[in-house]
There are 2 protein chains.
Amino acid sequence: MKLNLNNADNLPIFRQVALALQQKILVGELQPGERLPVETVLASDNSIHRSTVREAIRSLEQLGLVRREPGKRKLFVSAPDTQELSRRLITPMVMNGVTFEEIWEAISALDPAAAEAAARRRTLDDLKALEDNIAQTRAALGDPDKLVRLDIEFHELIAIAAGNRVIQALRLPISDLFYPSFQAVMSGLNASERLLTAHEKILQAIKWGDADEAREWMAKHLNDFRKGYELASLDMSDPAALPPAKVKD
Amino acid sequence: MKLNLNNADNLPIFRQVALALQQKILVGELQPGERLPVETVLASDNSIHRSTVREAIRSLEQLGLVRREPGKRKLFVSAPDTQELSRRLITPMVMNGVTFEEIWEAISALDPAAAEAAARRRTLDDLKALEDNIAQTRAALGDPDKLVRLDIEFHELIAIAAGNRVIQALRLPISDLFYPSFQAVMSGLNASERLLTAHEKILQAIKWGDADEAREWMAKHLNDFRKGYELASLDMSDPAALPPAKVKD
DNA sequence: TGGCGGTTAATGTCCGACATTAACGTTGTC
DNA sequence: GACAACGTTAATGTCGGACATTAACCGCCA
C-alpha cells in the first residue's frame, strides 16, 4: 500500500504516515473492518523503516482508527468507538478543575432531553430494563452504594431508551464524574425514598409516552439532587474528582 | 525515571510504559507542565530499548497527556485539551451514521441551557462579543456563507458566556456537524431575517439577565432551524456528513 | 467437516548507528 | 546586567538489521 506522504509542513515521517492513513479512512478509501497491510509491507511500499511505521500505527490506535485484537496480529481499520472517546473527556475535565456546578448544569441539560425522547421512542425492552432497575432500587433502599450504582444505571437506561446516540455518548463523561458526589448525597435524609419516587414518576411518564411529564420529573429529580448536595454542605464550585477505578483507561 | 512496569496482563512493554506514565500523571505524581526525561533516559532507567519508549510516547501524545511543541524536543506532561478531545467525537459519530435528528436533539438540549446560564453569568466582554457578532450578522444578511459562519460563532459565544466549560466542550462536535446542513437551510425563505431576530432576542434576554427568556428564544431559534430543514425537503433521519475541512485533524 | 501438527511469517523487542538541529553554555557587546 | 552571536552537546527522527515468540495459515487425516 503506497501512501501519499505529504511533507508540506515537514512533519516527521511517522506523522505523515499516520495522517495519510487517517485520510484514507476518513475519505472512505479504507473502510472499517478492512485489513491493513502488514508492517513490513507498509514499510517497504513506502521506502521507510518499520519502526517508523510502527510509531504511526501507535498514534492511529489511540485515535481508534486502527485496531488490533489484544494478542492478535491482524491489523484492521475501525470506526472509533464514540463512547470510548467520549469517556476520555473525563481526564481533561478533572485536570482542568471543572466544577461540580458545570457538570450538574450539563447533565441537567442532557438528561431531561433524554427523558423526553425516551417517552417518545422507548421500546418494550427499554421499559423492561427500566422496570428491572427500579425493582432493584426498591430492594436496595438501605444500601447507599448499591443505590448509587442503580441510579447511574437508571439514567443510562433512559439515555438508551431515548435512542439518541449523541446524547448517550455526551452524557457518559459527566455521568461518570457524578459518581463520587452521589455517594455523599445519598446518605442524606430521605434521599433514597425521594430518588425512588422520582424514578418511578419518570418511568411512568415514559411508559405513557408523556414527554413533558418525563422531562419535568427528570428535571425535578436533578434539582433534588442538587439540593441534597448543598444540604450535605458540599460546595457546588468545588472541582470534580476522578471517579474511582476510572483512573486507569 | 524508573517506572513500575506491571506485566500482569502480559501486555507489550510499550503499552506497560504508556500505562505507567499515564498512571503517574493521573495520580498527580507527574504534573502538567513538568518535563519528562528524554527518551534515552526513560529507556535505560527501565532497561528497555529506546524504540519501545518511543512507541509508548506516541500513544500518550494522542491521549494528550504528553506534548511536544512541533519542531521542539522537550517533552512535557500536559492536561489533554478538552475541546480537542471533544472534537474527536466527530469522526466516530459520522462513521457510525449518527442522524441529523440525533444531533439536533443534542444541541437543543445544550444550547438553551447555555443561553440560560449565559443570562446569569455573562460578563461585559461576553456581551460585547455577542453584540459584535450580531452587528456583523446584520451586515451579512445577503451572504449565506458568512451567515452560517456567524451563526455558529454566535452559539459558541453564548456557550462561552455561559461560563460552563463542560457544556462548551460537549457542544463542539455537534456544532461542527451542523455546519453542512446550515448551508442548505440558510437559503430558505426569510431564514436570515428570522435568524437575526432570534439572535437579537436572545442577546437582549441575556443582557437583561432574563434566563427563562434566553432559554426560550434559543429553543425557538433551534426549532425554527429544524423547520427550515424540513422545508428544504431534507430528511432529519439522514446521517450527518463530515463538516468541510474537518477531514483533517 | 473439523481437528491436528508443521511451517511461515508478523510482531515485539533489541542493538547499534548517524544526520539534523534543538538546547544550552559561553563569550562578547551595548 | 541584559542580550545577541557562536560553538558544543546531545536528543530526536530515522535507518539497517536481528531474533524469539507465537499467531496465522496450510495441508493432512480422521
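Numbers restart at 1 for each chain; the letters A, B, ... are given by sequence-line order, proteins then strands.
If you take CG of B:L42 and C1' of D:dT12, they are 14 Å apart, rounded to a whole angstrom. Atom-to-atom, CZ of A:R68 to P of D:dA23 comes out at 13 Å; the value is rounded to the nearest Å. Atom CD in A:E69 sits about 17 Å away from atom C1' in D:dT22, given to the nearest Å. For the pair B:I13 CD1 and D:dA20 P, the computed distance is 16 Å after rounding to whole Å. Atom CD in B:E61 sits about 12 Å away from atom C1' in D:dT12, given to the nearest Å. Between the CZ atom of B:F76 and the C1' atom of C:dA22 there is a distance of 12 Å, given to the nearest Å. Across the protein-nucleic acid pair, A:N10 atom CG and D:dG13 atom P stand 12 Å apart, rounded to whole Å. For the pair A:L36 CG and D:dA24 C1', the computed distance is 17 Å after rounding to whole Å.
Considering only side-chain N and O atoms, A:R73 lies nowhere under 4.0 angstrom from the phosphate OP1 or OP2 of C:dA9. A sub-4.0 Å separation between OP1 or OP2 of D:dG13 and a side-chain N or O of A:S51 is absent. For B:R54 and D:dT12, the shortest distance from a side-chain N or O to OP1 or OP2 is not below 4.0 Å.
Each of D:dG13, C:dA22, C:dT11 was ranked by its minimum atom distance to the side chain of A:T40; first place goes to C:dT11. Considering only the side chain of B:I48, C:dC14 comes nearest among C:dC14, C:dA22, D:dT14.
Counting distance only, with no hydrogens placed and no angle test, the side-chain atoms of A:R50 and the base atoms of D:dT14 include no donor-acceptor pair under 3.5 Å.
Ion pairing of B:E105 with A:R121 is present here, as a side-chain N (NZ or NE/NH1/NH2) and a carboxylate O approach within less than 4.0 Å. Salt-bridge formation is detected for the pair A:R58/A:E61: a Lys NZ or Arg NE/NH1/NH2 atom is positioned less than 4.0 Å from an Asp or Glu carboxylate oxygen.
For the side-chain hydrogen bond (donor to acceptor under 3.5 Å, both in side chains) condition, the pairs that include at least one residue of residues 65-77 of chain A, sequence neighbours left out, are A:E39-A:R68.
No hydrogens or angles considered: a donor-acceptor pair under 3.5 Å links the side chains of A:E102 and A:T99.
Each of A:H49 and B:R35 has a nearest nucleotide on DNA chain C; the 5'-most of these lies closest to A:H49. Residue-to-nucleotide proximity on DNA chain D shows that, of A:R15 and A:K74, the 5′-proximal contact is made by A:R15. If B:L75 and A:K72 are placed on DNA chain D by their nearest nucleotide, the residue sitting closer to the 5' end is B:L75.
Each of A:V166, A:I107, A:D176 was evaluated against A:R171; a single residue qualifies, A:I107, per the side chain to side chain contact (heavy atoms under 4.5 Å, CB included) test.
Counting non-hydrogen atoms under 4.0 angstrom, B:R58 reaches the backbone sugars and phosphates but no base.
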